[in-house]
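Below, chain A is the first sequence line, B the second, and so on; all start at residue 1. Worth knowing before you read on, the calculation uses all heavy atoms, side chains too, and leaves out hydrogens, waters and symmetry mates.
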There are 2 protein chains.
Amino acid sequence: MNNKMFRGSLDTIILKMLNNNTEMYGYEITQEVKKLSDGAFDIKEGALYPALHRLEAKGLLETESRSIGNRIRKYYKLSPKGNKESKTQISEMQEFLQQMNAFMNLKPAR
Amino acid sequence: MNNKMFRGSLDTIILKMLNNNTEMYGYEITQEVKKLSDGAFDIKEGALYPALHRLEAKGLLETESRSIGNRIRKYYKLSPKGNKESKTQISEMQEFLQQMNAFMNLKPAR
DNA sequence: AAATATACATAAATATCTTAGGTATATAGG
DNA sequence: CCTATATACCTAAGATATTTATGTATATTT
């Protein structure tokens with residue numbers, strides 16, 4: 001997929017994932033999103049990590065670092081504020097999708 | 001509408017309008033899009049004109065300036081290349097909308 | 001042993017958008 | 001008549017989000 005249209009929806013995708021899953025770590029999000037979208041949505045790590053940090057800075061996400069073997073994973077989950085915001089953004093996205101769909105299906109006036 | 005999600009879709013919207021209408025001038029596009037979307041899509045002129053110039057530079061649009069009274073309007077229409085590209089982008093957008101819609105409707109695993 | 005996958009991260013470059021400002025003509029309301 | 005709003009084009013500065021490239025390190029597969 002030409003992911004130009006993907007722009008602007010990354011935060012909402014992350015919030016959606018964390019709304020469904022209680023907690024996830026960054027790399028896991030990229031893999032799950034790819035899988036769930038049949039490869040259509042390909043989140044670049046260079047976009048993901050700054051996005052997670054942004055959302056955390058806004059108080060929407062809470063983190064907990066855990067050692068898995070010799071490696072550290074940083075788990076993210078929605079804060080109460082993030083929980084509310086995720087629902088808002090999911091609704092707004094659905095509304096947007098409907099509007100854009102109607103628009104793209106418009107027939108010429110004559 | 002929070003038009004954050006609007007990002008990345010302006011070019012496609014313009015191409016869609018010109019696919020439906022043979023020819024339009026810039027200001028007309030902003031007004032028609034607003035009307036057709038019930039106010040949901042609000043194209044800023046600061047985004048529109050650079051976008052039109054970009055699309056023209058890519059060879060997707062052709063222009064013709066016409067005097068209307070003492071004022072000049074710049075009419076845009078799809079070039080043959082733009083005609084093809086518009087159909088491509090409309091299809092890609094529709095595919096994207098479907099994917100994103102499915103994604104936003106995913107239920108938690110358990 | 002080497003290649004690939006996992007897991008985090010940042011910086012530079014690029015793209016697109018908003019905000020703000022500029023110019024000028026046309027029309028509607030008081 | 002005059003003033004505000006609408007029409008119609010445009011660009012520049014700043015904000016923001018993304019890609020590409022790079023870096024580090026461990027784990028797993030071939």
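Not one side-chain nitrogen or oxygen of Lys44(B) sits closer than 4.0 Å to the OP1 or OP2 atom of dA20(C). Here His53(A) reaches the OP1 or OP2 of dT10(C): one of its side-chain N or O atoms lies under 4.0 Å away. For dA8(D), the OP1/OP2 oxygens have a side-chain nitrogen or oxygen of Arg73(B) closer than 4.0 Å. Between Tyr49(B) and the phosphate of dT11(D), there is no side-chain N or O to OP1/OP2 separation shorter than 4.0 Å. The side chain of Tyr27(A) places no N or O atom within less than 4.0 Å of a non-bridging phosphate oxygen (OP1 or OP2) of dC8(C).
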- Per-nucleotide protein contact string for nucleotides 22-30 of chain D (B base, S sugar-phosphate only, - none; heavy atom under 4.0 Å): ----BS---
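Other residues, nucleotides and ligands contribute more than 12 heavy atoms inside 6.0 Å of the CD atom of Gln31(A). The environment of NZ in Lys74(B) is crowded: more than 12 heavy-atom neighbours from other residues, nucleotides or ligands sit within 6.0 Å. At most 12 heavy atoms of other shown residues, nucleotides or ligands fall within 6.0 angstrom of atom CD in Gln98(A).
Each of dC9(D), dT11(D), dA9(C) was ranked by its minimum atom distance to the side chain of Pro50(B); first place goes to dT11(D). When distances run from any side-chain atom of Arg54(B) to the nucleotides dC8(C), dC10(D), dC17(C), the shortest one goes to dC17(C). Of the candidate nucleotides dC10(D), dT19(D), dT18(C), dT19(D) has the atom nearest to the side chain of Ala47(A).
The CD1 atom of Ile72(B) sits 11 Å away from the P atom of dT25(C) (whole-angstrom rounding). Residue Ile43(A) contributes atom CD1, which lies 15 Å from atom P of dA17(D) at whole-angstrom precision. Going from atom CZ of Arg66(A) over to atom C1' of dT6(C) covers 17 Å, rounded to whole Å. One interatomic measurement links the two molecules: CZ of Arg7(A) to P of dA17(D), which rounds to 11 Å at whole-angstrom precision. Taking atom OH on Tyr25(B) and atom P on dA6(D), their separation rounds to 15 Å, with Å as the unit. Asp11(A) has its CG atom 11 Å from the C1' atom of dT16(D), to the nearest Å. Here the C1' atom of nucleotide dT18(C) and the CE atom of Met5(B) are 17 Å apart, to the nearest Å.
Nearest-nucleotide positions on DNA chain D for Leu52(B) and Leu10(A) put Leu52(B) closer to the 5' end.
Looking only at distances, no side-chain donor or acceptor of Asn101(A) sits under 3.5 Å from a matching main-chain atom of Leu97(A). Put simply, the side chain of Ser79(A) gets close to the backbone of Leu60(A): a donor and an acceptor are under 3.5 Å apart.
A salt bridge links Arg66(B) with Glu64(B): the distance from a Lys NZ or Arg NE/NH1/NH2 to an Asp or Glu carboxylate oxygen falls below 4.0 Å.
With sequence neighbours left out, Tyr75(A) forms a ring-ring contact (aromatic ring centres under 6.0 Å, His included) with Tyr25(A).
Over its full length, the helix from dA1(C)-dT30(D) to dG30(C)-dC1(D) turns its helical axis through 30°, comparing axes from the five pairs at each end and rounding to 10°.
Note on ring orientation: taking the six-membered ring where Trp is involved, the planes of Phe6(A) and Phe41(A) are tilted (angle from 30° to 60°).
With hydrophobic clusters built from ILVMFWY side chains whose heavy atoms lie under 4.5 angstrom apart, Met5(B) shares a cluster with Leu106(B).
Checking Gln89(B) against Glu85(B) by side-chain atom types alone, a donor-acceptor pair falls below 3.5 Å.
Counting non-hydrogen atoms under 4.0 angstrom, Gly26(B) reaches the backbone sugars and phosphates but no base.
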